[in-house]
Each structure stands twice: as structure tokens, then as C-alpha cells.
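The block underneath contains the structure these notes are about, expressed in C-alpha cells.
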Amino acid sequence: MNGDCIDTSRFGVTFLAKRRVLLSLLGLLLSCSPLTGEELWNKHIIQEGMPNTVAVAADFTGDGRPDVISNSDGKTRLFVAPDWKELIIDETPGYDFIHGETFDVDRDGDPDFIGARYSPGLIVWLECPDDPAAGLWKARIVDDQLNGIHGVLKGDVDRDGYPDLFANSAQTVGEFPNSAAWLKVPEHPRRADRWQRNLFAAGDAPGLSHYLGYGDINGDGRPDIALAAKGGEQDKSGLGEWFAWWEAPQDPTHPFKKHPLPGRHPGATNIQQADLNGDGKVDLLASRGHGQGLIWFENPTWDIHDINTELRSPHCLQVLDMDSDGDIDAATCAYDSKIAAWFENDGRGNFTTNVVARDQAAYDIRAVDMDNDGDIDLLIAGQNSRNVVWYENPRCCSGTNPAGE
């Protein structure tokens, strides 16, 4: 007799039929698992109809709920939670921002917005007023000499207890070509003409650099900076397609020491610091956002490990503990694949891809608890999707882990 079709007629079914039923039931159970199956997260639309390259979230209105600021069509908009009422907070001609940040620049207790224009390079900060919904916010220039600014990132590089701002200067023309800098907030930022600029990469970051990472890589107590350069047809220098990190000196106002990472990486865009395999050393997780795939570099040998080899144009990246299980995961939204996903780490540097959304393209992604329910949601600025949306973490099954594929 066929081993799959042993006659069990007294039960009214064949063994094969019973096997299929069991597999079907198992599939239903696994569809709620963070490791297999697919449970798309609930999509919340904030804005539709315009391409967006940046969206940040913070409680700008002071009511305890995260609001959203984005920039599109030459205007910076505040969307007030929970109904996402749209308010234009800046419409200065030419203020078209490719990236942004948010922190309390003037230390008055509320978050402000920082926007960066690519070229001609410009960084401005918008001061959150006492009544954020009352009208336009005051805009002040942070820097107008860096050129080709694609990424900005906050971090306390000089360890004085207050955030500084990192920004790249990716163009080959301008005052600081092929460079990157950190900018110190002035003592009186409302009265300052510009912020103090310190080049950490002085001419040694060619090839159209993109986004930055921040954290102590070599364990000396000083925060280092990581960077990626996409290269490609627009890279006239032909020196792109790399990931690298810059070692902080004792005095962070001096140039940092560059450490190139192994391999050639067409389309390299993002790199961030984290201990990914639980050995106490800070590794680097990276995406080829103008190419294909996500990888991680293992400290100290910098061996390369694949996370996902299939996603096309994972342009944005967040690296954090998505499922609150004590190890570091990641999230992206690939604009050519049109898939948003998070990648679950087993604690040893092995990652499982979990699909959050399909038919969603992104330029920017942020990991934020958008609904104040204690888990991490994903906020996406959809350039090609022409939207700003957030995807609600379902807290599937156990109440702690997000569901996925």
C-alpha cells in the first residue's frame, strides 16, 4: 500500500486526508507567529497625494500623543494626532527637505523640527511655538555650507549631555566636498547665526554618501560615526559603493579616523551600530538602499552576514529591539519591491524576514509607538507611494511580538 494512503476507512478518511487537515490547522496557528506566515499590519493613512521623503514623529502639541511632521510640495506640514489634522508650519520658498530630525533644540521642553535640503545644501530648524497649531513656526538656519545633505541624525558626540546633529556633505562641489560633519547647538540657538560645524570626515567620504549611524564601535567610551556611499552612475568620482566607520578621537572637534569595511556594495545607503549576536561587541547592520539586500558586519573581523538578499531598494532603515525580547532587530521599506518588513533577530545574528505591508514604497521609515500602546509601530514617508502612513503593530498571539512572515 502507498505509505501516504494507508486505508483508515473506519475513521472515514485516508491518512493523506488526515495529514492535510493537520497541516492546515498548523498553518493557521503559524500564521500568527512572528517567524512564519504573513499578517499584514493595519495601515493608518496620515496624508495622501504627494510624494514625501521624510516624516518624523514626536509630541509637538503636548497632549501626550505622537504627532507627525513631513515635507512635500515645498511645504512643511504638521499632522496633529489622532485625527491627523493638517497644518502648514513653513512654506518658505526652496525649503524642500530630503531628510529630517526632531529634538528639543532650544531646551524649552518641547521638540523642534530639523529639515535638510540636498543641494544647494541647507539645514534649518523650526522652533515649536507655545501653540503649535496657531500658524507658521519660526525657521532659523543651522548650516548653509554643507552641500549634498542626504542624512541628518542626532547624537551626543561631545558627551556634554545634549544632542548634536550629524550631516553629510556628499557633493563633489562646494566648501566641503566628499565630507561629513557634526554640528553643535549654540548656547543661545534662537540668536545664533549658524551652528558650530566640525568635520569628522574631511574629504574622505566620496561617492555620494547617504545616511549615518551613531554609537561606540571600538568600546573606548567615545561615540563613533558610520556612513555609507551608494556610488553608481551619478558618482563621477567612481569611489562609492562602500560602508565605513569613523573612529572618534579624544577631542571630537578634530577629524575622525576612517575604517573602511570589506566588500563592494553597489547602492549602499544605511549603516547603524548594534550588538547583533550578543557577544558584547558592537556590530554594524547595513542596507543597500539603491541596490539590493541587507547585511551585517561582525565585529571585530567584519565578516559579512546576509539578512535579506531579495529586497530591492531598501532605502530606509531602523535598527532596534522591535519585539521587546532583548535583542536587536531591524525594519525597512523597499521602494522597488514595495514591501515594508521587519527582521527578527534570534539573538545570535540570525534574522527572519517578516512582511508588514505590501504595495508600499518608502524613502524614510521611523520606529515609533504611534498609538501609545507600548509596542513599536512603523511610520513611513512614501515617496513613490505618494503618502505618509503608519502601520500598527498587532502584538500578535503572545501580546509582545509583532506578527509577520
Side-chain angles (χ1 to χ4, degrees), residues 54-62 66-71 75-78 87-169 174-176 179-201 211-212 214 223 225 248 251-254 256 366:
V54 60
V56 302
D59 180 14
F60 296 103
T61 58
D67 310 297
V68 171
I69 289 180
S70 73
N71 179 275
K75 297 178 175 63
T76 303
R77 295 172 167 85
L78 169 67
L87 303 166
I88 294 175
I89 59 173
D90 185 85
E91 50 187 356
T92 305
Y95 281 17
D96 299 291
F97 301 136
I98 195 170
H99 206 226
E101 256 293 5
T102 178
F103 64 88
D104 186 2
V105 171
D106 51 6
R107 304 175 193 172
D108 65 350
D110 54 34
D112 306 299
F113 173 73
I114 297 169
R117 185 178 68 196
Y118 182 71
S119 186
L122 179 71
I123 306 174
V124 301
W125 72 280
L126 304 181
E127 180 187 352
C128 183
D130 292 337
D131 185 355
L136 299 179
W137 294 15
K138 176 68 175 177
R140 298 178 176 88
I141 295 177
V142 171
D143 189 280
D144 57 2
Q145 296 301 304
L146 301 175
N147 187 34
I149 304 164
H150 200 291
V152 288
L153 180 70
K154 63 187 174 188
D156 183 9
V157 68
D158 59 0
R159 296 175 291 165
D160 66 350
Y162 299 103
D164 306 297
L165 185 73
F166 308 110
N168 61 340
S169 188
E175 291 294 319
F176 307 103
S179 298
W182 67 273
L183 301 147
K184 185 174 179 60
V185 180
E187 184 177 355
H188 302 288
R190 294 173 183 166
R191 302 200 302 264
D193 179 59
R194 301 291 187 272
W195 293 13
Q196 177 187 324
R197 182 193 318 108
N198 305 277
L199 295 184
F200 72 83
Y211 297 108
L212 304 108
Y214 164 82
I225 306 172
D251 182 351
T253 63
H254 294 171
F256 290 25
R366 308 291 167 125

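All residue numbers refer to positions in the sequence shown, counting from 1.
A distance of 12.0 Å separates CG in N71 from CD in E91, rounded to the nearest 0.5 Å. Rounding to the nearest 0.5 Å places CG of D164 at 5.5 Å from CG of D156. The structure places CG of D67 at 9.0 Å from SG of C128, a figure rounded to the nearest 0.5 Å. The distance from the CH2 atom of W137 to the CD1 atom of I89 is 4.0 Å, given to the nearest 0.5 Å. Summarising the geometry, atom NZ belonging to K154 is positioned 5.0 Å from atom CD belonging to E101; distances are rounded to the nearest 0.5 Å. In this structure, CG in D143 is found 9.5 Å from CG in L165, a value given to the nearest 0.5 Å.
The ring pair (Phe, Tyr, Trp, His ring centres under 6.0 Å) check on H99 picks up Y211, with sequence neighbours excluded. Applying the side chain to side chain contact (heavy atoms under 4.5 Å, CB included) test to P189 and every residue at least two apart in sequence or in another chain returns V105, D106, W125, V185, P186. Under the ring pair (Phe, Tyr, Trp, His ring centres under 6.0 Å) criterion, Y95 pairs with F97, not counting sequence neighbours.
For the residue pair N198 and T253, no side-chain donor N or O sits within less than 3.5 Å of a side-chain acceptor on the partner.
Closest non-hydrogen pair, D104 versus R107, comes out as OD1-N, 2.9 Å. When all heavy atoms of P223 and R159 are compared, the closest pair comes out as CD-CD, 4.0 Å. Residues A167 and L146 come closest through the heavy atom pair CB-CD1, 4.0 Å. Heavy atoms only, all atoms of each residue included: L212 and G151 are closest at CD1-O, 3.4 Å.
Here the side chains of T76 and I69 are in contact, with some heavy-atom distance below 4.5 Å. You'll find the side chain of H188 stays beyond 4.5 Å of the side chain of R190, heavy atoms only. Put simply, the side chain of I123 reaches to within 4.5 Å of the side chain of I114, judged on heavy atoms.
For D144 and R194, the salt-bridge test passes: some basic side-chain N is under 4.0 Å from an acidic carboxylate O. Between K75 and D90 there is no salt bridge, since no side-chain nitrogen of the basic residue lies less than 4.0 Å from a carboxylate oxygen of the acidic one. Between D96 and R117 no salt bridge is recorded (no basic side-chain N to carboxylate O distance below 4.0 Å).
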* To do: Show the numbers, then the answer: is there a side-chain contact (heavy atoms from CB on, under 4.5 Å) between D112 and T102?
  => CA-CA 6 Å; D112 306 299; T102 178; 5.9 Å; no
* Please assess F200 against I225 for the test side-chain contact (heavy atoms from CB on, under 4.5 Å), listing each intermediate value before the final yes or no. => CA-CA 8 Å; F200 72 83; I225 306 172; 3.5 Å; yes
* Does the side-chain contact (heavy atoms from CB on, under 4.5 Å) test come out yes or no for W195 and K184, once each step is laid out? -> CA-CA 6 Å; W195 293 13; K184 185 174 179 60; over 6 Å; no
* Run the numbers on I141 and L122 for side-chain contact (heavy atoms from CB on, under 4.5 Å), then give the verdict. => CA-CA 8 Å; I141 295 177; L122 179 71; 4.2 Å; yes
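Side chain of N147 to backbone of S119: no donor-acceptor contact under 3.5 angstrom is found. Judged by distance alone, with hydrogens and angles left aside, the side-chain atoms of S169 form a donor-acceptor pair with the main-chain N or O of F176 at under 3.5 Å.
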